[in-house]
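Written out below as structure tokens is the structure these notes cover.
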Amino acid sequence: MRIDTRLAERLKKVSPSLTLAITSKANQLKSEGKDIVNFAAGEPDFDTPEPVKTAAIEAIRAGFTKYTPTTGTLELKKLICAKFAKDNSLNYTPEQIVVSCGAKHSIFNAVFSLLNRGEEALIPSPYWVSYPEMVRLAEGVPRLIPASADNNFKVTAKELDKYSGPKTKILLLNSPSNPTGCVYELSELKEIAGLCVQKKIFVISDEIYEKVIYDGLKQVSIASLNSEINELTITVNGLSKSYSMTGWRIGYLGGPVDVIGAISKLQDHTTSNPNSIAQKAAVAALAMPDDTIKAMACEFAKRRDYCVARISKMPKITCRVPKGAFYIFCDISQTGLDSMAVSDRLLEEALVSLIPGKGFGSDEHIRISFATSMQQLERGMDRLEDWLKKL
Ligand code: PMP
Ligand code: GLU
């Protein structure tokens, strides 16, 4: 068999995840004793809350270790519905919910269930690293829409209109955004919703950073705006970021019954249910008062302010103040280097690990994650500053 026919065509155009590759390289170097400051990680550094861990241990002891319904337990889905109602003004019933193995899995399921071969997905760029690759896996076509830094990296309904055509099927929307930290406002979402309803474009609304939001802002779920956009929206969320539960792999989505039916079939024949023990842990997390989440967001806000203040005094680098998530997307065009060169050299010469913007669609930026301790942030910022001054 010839080498180029051994693998499925659909994988040939797909790239590995740069975020995961660099994060694991940084962790590997650290475990080898290298004094790396890790600004790459896309996960909170806080521990999973104690009641969540206890619930998981109790689940194991009680023998809650068998298959559950594919789409998740009714107990968990009811709590997810209550969360959607309370936080997002969304009135989903448990039949409209699928719990999956992380929000990444939920987004993939939605993309795979909606796109036919050759159909297009609108993706505002900079984008989260996995969106275009998921579209390619579904044999769809990613249509990247450049979002201007002057508009805080947000796309307008007008721009979406310009890029949509007869083959456009979905829009991947992420607010608060990874990597830019932008947050779409109500008025902007209303216009985008109007366009999507007019053109019958489905919206996959990735709201995973909903609770990591600053300056008194509130995240708005596009599906809550009216019944027409509700019928076209799949709302994705999860526990990874808000409850510091990245390793537990619980994400979920809510959406119209027909789409949920398709996703449920897909999950029936791929993963079946998400881990039963993690589902019990998720029940405990969703039952917790919001204090823990608020305390984390408060701590992230302090770190954001510190990093932005430091970066604003450094040469050859500029940034905007992120309104949500825990990343700073920095413009490094004044260095005269591309983003891969900056991240490679920073790792080698300054022992600072971060993600090149290339993975998010911009070679003129780097992504700094401030999901690490203040002490690490101070050390990393000192190193970044020294490196830039010597450049
Ligand atoms: N969406 C975005 C924008 C993310 O940054 C992440 C981070 N991993 C995810 C989805 C997926 O989260 P998870 O699969 O850990 O729930
Ligand atoms: N979403 C995180 C990030 O952007 C985690 C890594 C990943 O899932 O790709 O870094």
Side-chain angles (χ1 to χ4, degrees), residues 14-27 38-46 48 72 80 98-111 123-135 137 147 153 171-184 203-213 219 234-253 267 271 274-275 278-279 281-282 285-286 300 322-329 343 353-362 365-372:
V14 174
S15 313
S17 165
L18 208 56
T19 47
L20 294 180
I22 294 181
T23 306
S24 73
K25 186 173 171 194
N27 288 336
N38 188 0
F39 285 166
E43 58 183 349
D45 54 313
F46 306 111
T48 300
I80 290 170
V98 179
V99 187
S100 301
C101 311
K104 189 183 271 186
H105 185 209
S106 304
I107 300 164
F108 176 80
N109 280 348
V111 169
I123 305 179
S125 173
Y127 47 78
W128 181 46
V129 63
S130 292
Y131 295 156
E133 308 310 322
M134 289 179 179
V135 169
L137 281 169
F153 296 108
L171 161 67
L172 279 148
L173 198 64
N174 178 212
S175 173
S177 146
N178 174 7
T180 67
C182 73
V183 174
Y184 282 81
V203 181
I204 300 177
S205 179
D206 178 353
E207 303 180 4
I208 188 92
Y209 292 99
E210 172 196 17
K211 306 276 185 183
V212 189
I213 192 161
Q219 181 270 347
I234 293 85
T235 308
V236 177
N237 213 319
L239 285 87
S240 289
K241 316 288 172 177
S242 40
Y243 295 91
S244 212
M245 288 177 67
T246 44
W248 297 76
R249 311 309 301 132
I250 294 287
Y252 54 85
L253 53 74
Q267 198 159 291
T271 57
N275 178 302
Q279 286 191 64
L286 290 174
F300 280 136
K323 298 286 180 190
F326 37 66
Y327 309 103
I328 305 179
F329 206 51
S343 78
S353 162
L354 43 74
I355 311 281
K358 196 171 180 214
F360 309 105
S362 170
H365 291 84
I366 50 170
R367 188 191 78 174
I368 291 178
S369 161
F370 52 87
T372 187

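What you are looking at is a predicted structure, and each value in this text was computed from that prediction instead of being measured. Remember, it's 1-based here, ligands and their atoms both numbered in the order they're listed. For the single chain, residues carry numbers from 1 onward in sequence order.
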Closest approach of L18 to I355 (non-hydrogen atoms, all atoms of both residues): O-CD1, 4.2 Å
Ring-ring centroid check Y327 H365, cutoff 6.0 Å: no
side-chain contact (heavy atoms from CB on, under 4.5 Å) assessment of W128 paired with I107: CA-CA 12 Å; W128 181 46; I107 300 164; 4.2 Å; yes
Under the side-chain hydrogen bond (donor to acceptor under 3.5 Å, both in side chains) test, residues paired with S175 that sit two or more places apart: none
Taking a 3.5 Å cut-off between nitrogen or oxygen atoms, can you list every pair linking ligand 1 to the protein, with distances?
from: ligand 1; atom 1: 1 (N); to: D206; atom 2: OD2; distance (Å): 2.6
from: ligand 1; atom 1: 5 (O); to: N178; atom 2: ND2; distance (Å): 2.7
from: ligand 1; atom 1: 5 (O); to: Y209; atom 2: OH; distance (Å): 2.7
from: ligand 1; atom 1: 8 (N); to: K241; atom 2: NZ; distance (Å): 3.2
from: ligand 1; atom 1: 14 (O); to: A103; atom 2: N; distance (Å): 3.1
from: ligand 1; atom 1: 14 (O); to: K104; atom 2: N; distance (Å): 2.9
from: ligand 1; atom 1: 14 (O); to: R249; atom 2: NH2; distance (Å): 2.8
from: ligand 1; atom 1: 15 (O); to: S240; atom 2: OG; distance (Å): 2.7
from: ligand 1; atom 1: 15 (O); to: R249; atom 2: NH1; distance (Å): 2.8
from: ligand 1; atom 1: 16 (O); to: A103; atom 2: N; distance (Å): 2.7
from: ligand 1; atom 1: 16 (O); to: S240; atom 2: OG; distance (Å): 3.0

Within the 6.0 Å centroid threshold, strictly below: F326 and Y209: yes
Heavy-atom check, side chain of F370 versus side chain of P322, under 4.5 Å: yes
Residue list, side-chain hydrogen bond (donor to acceptor under 3.5 Å, both in side chains) with N174, at least two apart or on another chain: none
Close-range residues for ligand 2, whose non-hydrogen atoms fall below the 4.0 Å threshold: S17, T19, L20, G42, K104, W128, N178, K241, Y327, R367
Y131-D206 side chain donor-acceptor pair, cut-off 3.5 Å: yes
Verdict with supporting geometry, E43 and S240, side chain to side chain donor-acceptor pair (under 3.5 Å): CA-CA 8 Å; E43 58 183 349; S240 289; over 6 Å; no
